[in-house]
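Only one structure is covered here, and it is reproduced in the block below.
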2 protein chains.
Amino acid sequence: MSQMESQNIFDNKVFFDSYMDLRQKANFNDLLEQPAMRKMLPDIKGKDILDIGCGFGANCLEFSALAHSVTGIDISIRMLETARKINCAGNIKYMNLSMEDMDCLPSMSYDLVYSSLAFHYALDFDRLISSCHRVLKKNGILLFSQENPITTASKNTDNRYVRDEEGNVFFKLADYQSEGERHVKWFVDDVIHQHRKVSTIITVLCKNGFMIQECVEPKPDKDAVKILKGLARDLIKPSFIIFKALKGD
Amino acid sequence: MSQMESQNIFDNKVFFDSYMDLRQKANFNDLLEQPAMRKMLPDIKGKDILDIGCGFGANCLEFSALAHSVTGIDISIRMLETARKINCAGNIKYMNLSMEDMDCLPSMSYDLVYSSLAFHYALDFDRLISSCHRVLKKNGILLFSQENPITTASKNTDNRYVRDEEGNVFFKLADYQSEGERHVKWFVDDVIHQHRKVSTIITVLCKNGFMIQECVEPKPDKDAVKILKGLARDLIKPSFIIFKALKGD
């Protein structure tokens with residue numbers, strides 16, 4: 001992988017199989033991130049939607065029932081093969097495209113640019129957000145979730161939680177002010193995330209002409225924690241952050 | 001102090017004396033927060049400025065050299081006495097007013113609403129931001145700094161840093177998702193800060209009609225760390241966050 005190319009970890013077979021297995025079980029996406037994203041979703045009836053990092057296409061299929069058209073892009077050929085098999089519809093188009101390289105997409109074509117948990121893989125965030133702005137129609141919406149900067153901050157991710165003498169659990173935070181690559185063990189040894197400060201994310205959105213409308217750091221409810229105990233850690237520190245932003249006139 | 005009244009810790013004599021003493025020495029305000037605020041300051045020549053939580057008036061005096069008028073408000077009578085003594089000018093008006101209670105200030109009167117490290121004391125953030133919006137002229141700017149939500153998160157603030165076996169220093173983060181009062185020891189035993197998630201701050205600004213333009217989490221430079229070693233901890237986790245937002249037409 002070259003320095004300036006997005007990581008394509010989802011085409012790693014071990015990673016892919018483990019990820020697909022995880023998504024079958026109770027998981028953070030279904031219990032925490034997706035419910036929050038749904039609440040923030042604008043009206044999609046009759047709209048043209050771009051889903052960046054669409055993965056195996058679950059969201060694309062769901063959008064396609066109401067939307068006029070859905071374009072799903074992903075860097076992973078393996079993911080798109082699965083998407084075309086299990087989540088296809090006449091108004092969905094899947095394209096093998098990195099989010100770093102959306103120049104071939106036509107300008108002012110989408111009412112909604114949507115992305116679930118992909119932007120923390122982007123190497124060039126400014127370029128990505130500029131592309132999102134370019135492909136949106138006037139008054140179009142960008143809605144994306146990504147790993148929370150608190151979660152991506154620390155370079156050393158061993159034993160991330162400590163318990164004090166009174167039994168309180170703390171999350172070990174470090175390196176917040178140093179943006180850049182973070183090497184994480186997630187199914188396989190070296191998944192690369194990009195750490196960006198929340199102030200950078202906000203400023204890049206604004207400088208590219210977006211008006212932020214809402215920001216959410218999803219908090220698990222009691223029912224969700226009953227289903228998946230690990231979610232309780234999201235009361236200590238948030239895993240995700242979601243932004244909804246408007247492209248003005 | 002009633003539940004719904006802002007804390008007036010600056011009128012506590014022990015706190016006041018310790019604070020004034022701190023501000024004489026090398027400190028986080030002068031080396032980290034104020035340089036960042038200066039970079040974000042709009043053109044103030046001939047402008048009308050409101051400084052919320054103006055303290056002893058150092059910023060008011062500085063603004064007054066260029067601005068048309070400066071209004072400094074603070075809940076602390078002791079602070080304002082000092083301000084009137086050492087930082088007065090013909091175009092500065094100091095008023096003893098809580099930021100929770102700005103109803104007596106006239107609408108659409110200021111080009112800039114400025115606040116340095118006061119908003120984390122506000123009990124009702126929504127009301128505060130709504131007031132800021134009301135008193136600003138069209139195209140006016142709100143520029144404020146406050147404690148970073150990462151810093152205000154943990155309820156237990158004993159031994160906030162831990163060192164692992166390899167000597168790396170971590171900040172202990174907890175309770176991020178639980179907004180509300182935080183009791184901090186700072187000169188005196190029980191200074192009350194309000195913890196709000198960054199997503200809440202952003203969303204309240206947007207819902208009240210502000211367009212966020214820039215956000216900064218100041219990072220200390222090498223020269224500053226040489227002067228005050230404690231600043232190195234701001235490489236691990238940010239102490240402050242600064243927002244610049246526009247009141248649109």
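Lettering of chains follows the sequences in order, A, B, ..., and the numbering in each one begins at 1.
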Q. Thinking salt bridges, do B:Lys137 and B:Asp48 make one under a 4.0 Å N-O criterion?
A. yes

Q. B:Glu214 versus chain A, heavy atoms under 4.5 Å apart: side chain, backbone, both or neither?
A. both

**Q.** Leading residue by heavy atom contact count with chain A [cutoff under 4.5 Å; candidates B:Ile241, B:Val162, B:Asn156]
**A.** B:Asn156

Q: Could you walk me through whether A:Arg134 and A:Asn208 pass side chain to side chain donor-acceptor pair (under 3.5 Å), step by step?
A: CA-CA 9 Å; A:Arg134 185 183 63 78; A:Asn208 277 289; over 6 Å; no

Q.
I want to check something: taking the side chain as every heavy atom from C-beta on, are A:Gln146 and A:Thr151 in contact at a cut-off of under 4.5 Å?
A. no

(Q) Quick check on A:Asp158 against chain B: is it the side chain, the backbone, both or neither that has a heavy atom closer than 4.5 Å? (A) neither

Q: Check each atom of B:Asp175 against the heavy atoms of chain A and say whether the ones under 4.5 Å are side chain, backbone, both or neither.
A: backbone

Q.
Going by ring-ring contact (aromatic ring centres under 6.0 Å, His included), name the residues that satisfy it together with A:Tyr176, two or more places apart in sequence or in a different chain.
A. A:His195

Q: For chain B, find which of A:Ser154, A:Ala174, A:Pro218 contributes the most heavy-atom pairs closer than 4.5 angstrom.
A: A:Ala174

(Q) Report which part of A:Ile212 has an atom under 4.5 Å of a heavy atom belonging to chain B: side chain, backbone, both, or neither. (A) both

Q | Residue B:Val169 versus chain A: region with a heavy atom under 4.5 Å | A | backbone

Q) In terms of side-chain geometry, is the basic nitrogen of A:Lys219 or B:Glu179 positioned less than 4.0 Å from the acidic oxygen of its partner? A) no

Q. Taking NZ, NE, NH1 and NH2 as the nitrogens, is one of them in B:Lys45 or B:Asp111 under 4.0 Å from a carboxylate oxygen of the other?
A. no

Q | Closest approach of A:Gly72 to A:Cys54 (non-hydrogen atoms, all atoms of both residues) | A | C-SG, 3.6 Å

Q.
With a 4.5 angstrom heavy-atom cut-off, is it the side chain or the backbone of B:Ile150 that approaches chain A, or both, or neither?
A. side chain

Q) For the candidates B:Lys244, B:Gln213, B:Lys155, B:Arg233, which exhibits the highest count of non-hydrogen atom pairs separated by less than 4.5 Å from chain A? A) B:Gln213

Q.
Just checking A:Asn159: does its CG atom have more than 12 heavy atoms from other residues, nucleotides or ligands closer to it than 6.0 angstrom?
A. no

**Q.** Residue B:Val198 versus chain A: region with a heavy atom under 4.5 Å
**A.** both

Q: Identify which of A:Ala153, A:Ser178, A:Cys206 forms the greatest number of heavy-atom pairs closer than 4.5 Å to chain B.
A: A:Cys206

Q) What are the two closest non-hydrogen atoms of A:Met37 and A:Ser116, and how far apart are they? A) CE-CA, 4.2 Å

**Q.** Interface moiety of B:Phe243 toward chain A, non-hydrogen atoms closer than 4.5 Å
**A.** side chain

Q) Looking at B:Phe170, B:Phe210, B:Tyr161, B:Phe171, which has the largest count of heavy-atom pairs under 4.5 Å with chain A? A) B:Phe170

